[in-house]
Amino acid sequence: MTRIVHKFTRKVPEWQPRVVPVKLEEATPQQLDALKVTPSNTKVSDYVLTLAHDVESLSVRSPLFNAIMYDRGGMSREERELGALAASMVNRCVYCAAVHADRHAKLSKDETVTDELFAKGEKADLDPRNRAIFDFSRKAAEAPPSAGPEDIEALAKAGLSDEEIFDLILSSSLFGWANRLMHVLGDPVSRKETA
């Protein structure tokens with residue numbers, strides 16, 4: 001079993017890229033087109049601007065990200081964030097864990113789940129549904145993944161529908177990949193270090 005107790009926080013750090021991000025004012029028409037669909041439809045982050053160096057990948061990645069994390073129906077947004085948080089904790093992605101913990105706390109209007117996870121990791125005291133979601137996502141993000149049929153059964157037993165289970169597989173898998181990419185391209189730094 002992977003140990004995932006770490007110094008995580010809901011305070012989102014800055015992300016400092018190792019590769020110089022594309023400057024919007026210098027972007028090619030193809031890069032600008034790929035940047036039109038940013039994750040969560042917010043401002044264009046340095047991470048996305050770094051990914052803009054590979055236009056073909058970015059033009060597929062952003063719509064896929066939005067469809068997995070923000071599509072209506074199926075699993076709730078807060079539970080998708082919990083799946084992404086579990087993957088980010090396994091991968092020790094401090095930046096992503098903070099983003100997803102913050103979103104989970106805001107969407108659920110409750111910080112107790114993320115506080116418990118950050119304090120106790122996989123030994124956190126969670127209700128049965130959150131436990132099944134966290135355990136599946138944690139196991140799916142391990143390398144190699146250890147999630148199996150018994151974990152799918154635990155999700156169903158905790159009350160998740162097939163559609164919700166599929167959404168969880170997508171969100172936790174997306175961040176199993178995205179965390180690793182973010183680790184290679186840059187580092188989280190506290191906001192005071194970037195000032």
Side-chain angles (χ1 to χ4, degrees), residues 2 4-15 37-43 45 47-48 51 61-142 145 147 151-152 154-156 158-183 188:
T2 303
I4 56 175
V5 175
H6 197 65
K7 297 290 182 188
F8 293 111
T9 176
R10 274 189 304 277
K11 184 177 179 185
V12 180
E14 294 289 334
W15 183 76
V37 183
T38 61
S40 72
N41 297 313
T42 59
K43 76 175 189 79
S45 68
Y47 178 63
V48 173
L51 295 178
R61 179 250 182 219
S62 293
L64 179 64
F65 178 97
N66 286 341
I68 290 172
M69 295 306 290
Y70 303 109
D71 190 34
R72 295 176 194 263
M75 180 167 266
S76 70
R77 285 271 321 279
E78 70 191 66
E79 289 178 331
R80 292 176 206 217
E81 296 294 347
L82 181 59
L85 172 59
S88 299
M89 289 175 70
V90 166
N91 291 316
R92 304 286 195 270
C93 189
V94 172
Y95 180 87
C96 290
V99 168
H100 298 297
D102 181 60
R103 287 184 186 157
H104 180 276
K106 287 176 179 168
L107 289 165
S108 65
K109 297 177 177 52
D110 184 6
E111 298 175 350
T112 57
V113 170
T114 53
D115 285 349
E116 180 72 10
L117 285 168
F118 288 167
K120 298 178 184 170
E122 69 268 12
K123 294 182 180 181
D125 183 19
L126 303 173
D127 69 44
R129 186 173 173 104
N130 284 338
R131 168 56 55 203
I133 290 169
F134 182 80
D135 286 349
F136 172 83
S137 299
R138 175 182 56 79
K139 291 177 181 181
E142 291 173 341
D151 298 293
I152 299 293
L155 291 168
L160 277 77
S161 68
D162 288 347
E163 186 180 15
E164 289 172 318
I165 292 169
F166 188 70
D167 284 344
L168 181 62
I169 291 167
L170 292 174
S171 66
S172 57
S173 297
L174 176 68
F175 279 91
W177 166 78
N179 299 152
R180 288 169 173 89
L181 182 60
M182 186 167 254
H183 280 310

To the nearest 0.5 Å, what is the distance between [atom1] on [X] and [atom2] on [Y]?
{"X": "Leu117", "Y": "Asn130", "atom1": "CG", "atom2": "CG", "answer": "8.0 Å"}
{"X": "Glu163", "Y": "Leu168", "atom1": "CD", "atom2": "CG", "answer": "13.0 Å"}
{"X": "Cys96", "Y": "Arg180", "atom1": "SG", "atom2": "CZ", "answer": "11.5 Å"}
{"X": "Met89", "Y": "Ser137", "atom1": "CE", "atom2": "OG", "answer": "11.5 Å"}
{"X": "Glu81", "Y": "Ser76", "atom1": "CD", "atom2": "OG", "answer": "9.5 Å"}
{"X": "Ile169", "Y": "Ile68", "atom1": "CD1", "atom2": "CD1", "answer": "11.5 Å"}

Got Leu160 and Met75 here, is their nearest side-chain heavy-atom distance under 4.5 Å? yes
Which atom of [X] lies closest to which atom of [Y], heavy atoms considered:
{"X": "Val94", "Y": "Pro188", "value": "CB-CG, 4.1 Å"}
{"X": "Phe136", "Y": "Ala147", "value": "CE1-CB, 3.7 Å"}
{"X": "His100", "Y": "Phe175", "value": "NE2-CE2, 3.0 Å"}
{"X": "Ser171", "Y": "Gly83", "value": "OG-CA, 4.4 Å"}
{"X": "Gly121", "Y": "Phe134", "value": "O-CE2, 4.3 Å"}
{"X": "Ala87", "Y": "Ser172", "value": "CB-O, 3.6 Å"}

Determine whether Arg77 and Met69 satisfy the following criterion, side-chain contact (heavy atoms from CB on, under 4.5 Å), listing intermediate values before the conclusion. CA-CA 7 Å; Arg77 285 271 321 279; Met69 295 306 290; 5.6 Å; no
side-chain contact (heavy atoms from CB on, under 4.5 Å) assessment of Leu85 paired with Val113: CA-CA 11 Å; Leu85 172 59; Val113 170; over 6 Å; no
Quick one: do [X] and [Y] make a salt bridge, cutoff under 4.0 Å?
{"X": "Glu111", "Y": "Arg10", "value": "yes"}
{"X": "Asp135", "Y": "Lys139", "value": "no"}
{"X": "Arg80", "Y": "Asp167", "value": "yes"}

Any chance you could lay out the side-chain contact (heavy atoms from CB on, under 4.5 Å) test for Asn179 and Met182, step after step, and finish with the verdict? CA-CA 5 Å; Asn179 299 152; Met182 186 167 254; 5.8 Å; no
side-chain contact (heavy atoms from CB on, under 4.5 Å) evaluation trace for Ile133 with Leu126: CA-CA 10 Å; Ile133 290 169; Leu126 303 173; over 6 Å; no
Assign the ring pair Tyr47 / Trp15 to parallel, tilted or perpendicular, where the plane angle (0 to 90°) is split at 30° and 60°. perpendicular
Check this for me: Asp71, atom CG, are more than 12 non-hydrogen atoms of other residues, nucleotides or ligands nearer than 6.0 Å? yes
